[in-house]
2 protein chains.
Amino acid sequence: MARAPWVKTSGGEAGSRRRQRGRIRIEDVAELAGVSAITVSRVLRTPAIVAEDTRRRVDEAVDRLGYVPNLAAGTLASLKSRLVAVVVPTLRSSVYADTIQGLSDELSTAGYHLMVGYSGYSAELELSVFRAFMGRQPEAVVLTGVEHSPALRRLLRKRKLPTVEIWDLADDPIDIAVGFDNFAAGACVADHLAKAGVRHPAVLGSDPAREARAAKRLAGFTARCQARGLRAPVVEPLIDGMSPEEAESGFRRLVARAPDIDGLFCLNDALAIAAIMEARRLSIDVPGRMRIVGFGDFDLAAHVAPRLTTVRVPGHEMGRRAARRLLDRAEGRKRGQRVEDLSFELVQRESA
Amino acid sequence: MARAPWVKTSGGEAGSRRRQRGRIRIEDVAELAGVSAITVSRVLRTPAIVAEDTRRRVDEAVDRLGYVPNLAAGTLASLKSRLVAVVVPTLRSSVYADTIQGLSDELSTAGYHLMVGYSGYSAELELSVFRAFMGRQPEAVVLTGVEHSPALRRLLRKRKLPTVEIWDLADDPIDIAVGFDNFAAGACVADHLAKAGVRHPAVLGSDPAREARAAKRLAGFTARCQARGLRAPVVEPLIDGMSPEEAESGFRRLVARAPDIDGLFCLNDALAIAAIMEARRLSIDVPGRMRIVGFGDFDLAAHVAPRLTTVRVPGHEMGRRAARRLLDRAEGRKRGQRVEDLSFELVQRESA
DNA sequence: CCCGGGTATGACAGCGCTAACATGCAGCCT
DNA sequence: AGGCTGCATGTTAGCGCTGTCATACCCGGG
């Protein structure tokens with residue numbers, strides 16, 4: 001008679017063909033420590049509930065064998081991946097790197113890992129990156145900004161994935177938002193320039209259609225200029241909102257279009273630094289003839305000549321706060337407000 | 001008599017307590033399409049071997065249900081994670097971001113994902129980040145530089161994990177190295193300055209003990225200066241090798257120590273830009289009285305005043321090449337040479 | 001008509017781990 | 001003594017997928 005089907009036909013001590021050669025399994029540790037597999041699992045995940053003596057023996061076996069738990073198996077068994085998906089517009093800009101480090105600092109101590117992807121400022125790409133991530137069963141999601149493809153919003157709400165939107169505030173966040181008020185930041189710059197006597201403002205930055213957050217800063221700036229009776233800002237949009245290349249030529253176009261510009265708001269510091277440099281080449285005195293304000297307080301901002309007046313943004317802090325909110329939720333703690341408004345700060349230096 | 005142990009006691013259509021509510025499984029797709037689970041799996045992974053009619057029905061069911069395969073389960077079953085672990089020194093510098101994008105561009109089309117971590121230039125931290133990654137069963141590893149903790153080297157060799165070391169060349173790579181010659185780059189800068197008439201060179205950059213690649217550039221620079229009979233370079237090491245803050249004060253110390261310096265090599269562009277700016281503040285003419293060369297060709301380098309002469313490095317290309325080498329290996333193709341030397345390029349602009 | 005070989009699909013077990021429940025054993029109370 | 005409580009550990013059955021082998025079917029040749 002044939003073997004009954006439920007009798008193991010492989011997987012004994014010799015090792016089945018499907019098992020990875022040489023990989024150490026929890027079973028191996030258990031055997032060496034003289035306990036069962038589940039006890040090893042408990043030592044690794046909830047040491048407090050294991051007797052001290054047992055714990056010591058297991059720890060020793062783990063060390064001796066160099067055991068590393070297979071998290072794919074753990075994820076499958078526990079339905080918990082300890083993975084957080086993060087999508088930022090780009091990695092090339094250090095501003096988001098700060099936020100990622102903030103997230104990582106906070107989450108890694110809690111045993112979570114980050115999956116980081118970038119969207120290139122496109123909602124479609126964001127969706128496709130996210131789709132790819134979904135298969136890895138993230139327990140939470142961090143997105144940049146509040147503009148997302150409707151399909152993504154639906155997906156997230158349906159799955160009830162804890163989601164944090166960062167770098168902006170939302171009227172109706174998908175779940176939680178941790179950011180700052182880009183509109184107010186733009187207005188704050190307008191105030192500063194107006195108080196310094198600027199009458200003919202201009203703006204250099206990304207195409208409002210492409211970058212929602214920069215567009216809000218622009219809107220806040222424009223509104224406040226109007227409220228204070230300044231001339232309507234001359235706006236020079238750029239295709240790539242982070243390109244010093246484009247900033248240089250854009251600045252030249254700007255002064256050609258309106259030679260009387262006496263105040264310039266650059267939608268980020270990379271552009272502002274390039275503008276300051278081009279101003280020097282054109283012998284336009286900054287801040288004498290033109291005041292320039294940046295945004296973001298990049299590392300170099302404080303060190304260019306003249307030192308750049310800019311808006312400091314809580315990049316690292318947003319990451320930390322977003323992480324904390326997610327951990328609070330995971331541990332079933334308080335929920336807190338849905339929209340968390342961290343503050344920005346105008347840093348006055350020499351350029352305005 | 002009790003139920004025989006091999007009879008399923010749960011997991012029927014009602015859903016067991018352990019199953020995630022509402023999650024769609026391959027089984028659900030199979031049922032809707034009127035095929036078995038394995039056929040769905042084949043449609044998703046090797047569509048070519050499935051009959052066209054079946055494939056269409058399955059694709060439709062996948063779409064209709066919005067099915068996303070659980071990669072944790074797939075990883076466990078196939079022993080293939082489609083995951084590549086990457087460790088860079090920091091995310092805050094755009095130079096590594098380029099490399100990561102290069103890796104990601106190439107790997108994502110092949111269905112691989114990246115796990116990115118940062119080591120803060122510390123071999124110990126690198127090891128601990130790597131340990132954390134191991135549990136997710138990466139199929140390959142990308143490390144920055146060729147200096148690693150011995151424990152890490154042992155671990156990688158023992159597991160036979162395909163490994164690429166980037167951003168440097170190694171005499172004895174762990175496995176594969178794809179980088180460029182930092183020593184030669186330093187020498188190349190020395191050549192350029194010497195030809196321009198520099199006699200009293202200096203170097204501003206990270207502490208050689210902390211950053212091995214910057215140290216090699218320094219060594220190459222120093223050696224070539226000596227070979228050309230220049231005065232031995234005055235070296236001003238910095239604790240944080242990327243800090244414009246420190247560059248500014250370091251530059252001041254440098255000119256105080258040796259007022260006759262007529263050529264400065266900054267070990268990266270962030271420092272070089274800060275140095276140029278401080279030179280202006282001190283009314284030191286660049287390049288008239290002092291020539292300055294950077295390293296890395298950051299975005300802003302071409303746009304500061306004076307425009308920065310620097311060394312362009314194949315950041316994106318290293319990522320792509322590293323990815324290709326790993327994919328070649330995964331697909332069992334040719335092995336190629338162990339150490340791949342991509343070229344750098346001195347970009348002459350105005351500052352030297 | 002059967003047979004061999006190729007193609008398309010299915011059944012089954014198991015990847016390595018953990019949730020859920022079961023068991024065993026002190027220590028204490030009645 | 002019997003039972004009850006609480007702690008430490010073990011047993012069992014999956015988690016959702018894919019490797020492997022089995023099977024069904026079709027086609028053409030003998």
Side-chain angles (χ1 to χ4, degrees), chain A residues 2-12 15-21 23-30 33-55 57-58 67-82 135-137, chain B residues 2-12 15-21 23-30 33-55 57-58 67-82 135-137:
Chain A
R3 261 193 320 261
W6 57 86
V7 170
K8 274 197 179 176
T9 62
S10 68
S16 73
R17 193 132 69 281
R18 286 188 55 191
R19 188 131 73 221
Q20 212 163 314
R21 260 176 17 86
R23 280 290 281 163
I24 285 141
R25 288 148 29 253
I26 200 169
E27 199 81 34
D28 304 321
V29 178
V35 296
S36 71
I38 190 70
T39 298
V40 176
S41 173
R42 287 199 266 251
V43 168
L44 264 24
R45 309 186 322 135
T46 50
I49 67 163
V50 178
E52 182 162 342
D53 178 59
T54 313
R55 200 192 314 153
R57 273 178 13 247
V58 169
Y67 171 64
V68 179
N70 181 333
L71 297 184
T75 296
L76 187 57
S78 67
L79 303 176
K80 296 223 167 69
S81 63
R82 313 233 105 196
R136 309 240 177 229
Q137 321 292 109
Chain B
R3 261 192 320 260
W6 56 85
V7 169
K8 275 197 180 177
T9 63
S10 69
S16 73
R17 192 132 67 283
R18 287 188 54 191
R19 188 130 73 221
Q20 210 163 316
R21 262 176 14 87
R23 280 291 280 160
I24 285 140
R25 289 148 26 253
I26 201 170
E27 199 82 34
D28 304 321
V29 178
V35 297
S36 71
I38 189 69
T39 299
V40 176
S41 173
R42 286 199 267 252
V43 169
L44 263 25
R45 306 184 325 133
T46 50
I49 67 164
V50 178
E52 181 163 341
D53 178 58
T54 312
R55 200 190 317 152
R57 270 173 21 242
V58 169
Y67 171 64
V68 179
N70 182 333
L71 298 183
T75 296
L76 185 58
S78 67
L79 304 176
K80 296 223 168 67
S81 65
R82 313 233 105 195
R136 310 237 176 231
Q137 321 291 109

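To find a chain, count down the sequence lines: A is the first, B the second, and so on, and within it residues start at 1.
Checking D/dC15, D/dT18, D/dG10 against the side-chain heavy atoms of A/Ser36 singles out D/dG10 as nearest. Closest to the side chain of A/Ala51, out of C/dG10, D/dT18, D/dA8, is D/dA8. In the set D/dC15, C/dA11, D/dC17, the nucleotide with an atom closest to the side chain of B/Asn70 is D/dC17. Checking D/dT18, C/dT9, D/dT11 against every side-chain atom of B/Ile26, the shortest atom distance belongs to D/dT18.
In this structure, B/Thr39 does not reach the C/dA8 phosphate: none of its side-chain N or O atoms is under 4.0 Å from OP1 or OP2. Distances shown here put a side-chain N or O of A/Thr54 below 4.0 Å from the OP1 or OP2 atom of D/dT9. Phosphate contact (OP1/OP2 of C/dT18, side-chain N/O of A/Ser78, threshold under 4.0 Å): absent. For the OP1/OP2 pair of D/dC17 and a distance below 4.0 Å, the side-chain nitrogens and oxygens of B/Tyr67 include at least one atom meeting the criterion. Close to D/dT18, at under 4.0 Å from its OP1 or OP2, lies a side-chain N or O of B/Ser41.
Between A/Leu76 and B/Ala73, the shortest heavy-atom contact is CD1-CB, 3.7 Å. Of all heavy-atom pairs between A/Ala30 and A/Ala37, the closest is CB-N, 3.6 Å. Of all the heavy atoms in B/Arg136 and A/Thr75, the pair that sits closest is NH1-OG1, 4.3 Å. Scanning both residues, B/Val35 and B/Thr54, for their nearest heavy atoms gives CG1-CG2, 3.8 Å. Scanning both residues, B/Val43 and B/Arg55, for their nearest heavy atoms gives CG1-CG, 3.9 Å.
Each of B/Ala48 and A/Pro69 was assigned the nucleotide of DNA chain C with the nearest heavy atom; the assignment lying further toward the 5' end belongs to B/Ala48. DNA chain D is contacted by both B/Arg45 and B/Ala72; B/Ala72 maps to the nucleotide lying nearer its 5′ end (nearest heavy atom per residue).
Remark: P of D/dC15 and CZ of B/Arg25 are 7 Å apart, rounded to the nearest angstrom. For the pair B/Lys80 NZ and D/dG16 P, the interatomic distance rounds to 23 Å; values are reported in whole Å. Atom CD of A/Glu27 and atom C1' of C/dC15 are 13 Å apart (whole Å). The CG atom of B/Leu76 sits 17 Å away from the P atom of D/dG14 (whole-angstrom rounding). For the pair B/Ile49 CD1 and C/dG10 P, the interatomic distance rounds to 12 Å; values are reported in whole Å. For the pair B/Arg19 CZ and C/dA19 P, the computed distance is 17 Å after rounding to whole Å. In this entry the distance linking CZ of A/Arg23 with C1' of C/dC17 reads 13 Å, nearest Å. Per the geometry, CD belonging to B/Gln137 stands 9 Å off P belonging to C/dG16, to the nearest Å.
Counting any heavy atom pair closer than 4.0 Å across all strands shown, A/Arg42 reaches a base atom. Looking at heavy-atom distances under 4.0 Å, A/Ile38 makes contact with a base. In this structure, B/Thr75 reaches neither bases nor backbone, as no heavy-atom distance under 4.0 Å exists between it and the strands shown.
Atom CZ in B/Arg23 sits 6.0 Å away from atom CG in B/Asn70 (nearest 0.5 Å).
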### Task
Start with the C-alpha distance between B/Arg19 and B/Arg25, add both sets of side-chain angles, then the distance that settles side-chain contact (heavy atoms from CB on, under 4.5 Å), and finish with yes or no.
CA-CA 10 Å; B/Arg19 188 130 73 221; B/Arg25 289 148 26 253; 3.3 Å; yes
### Query
Is there a side-chain contact (heavy atoms from CB on, under 4.5 Å) between B/Leu71 and B/Arg82 once you walk through the steps?
CA-CA 9 Å; B/Leu71 298 183; B/Arg82 313 233 105 195; over 6 Å; no
Between the protein and nucleotides 4-6 of chain C, are there any N/O to N/O pairs under 3.5 Å, and if so, what are the atom names and distances?
none

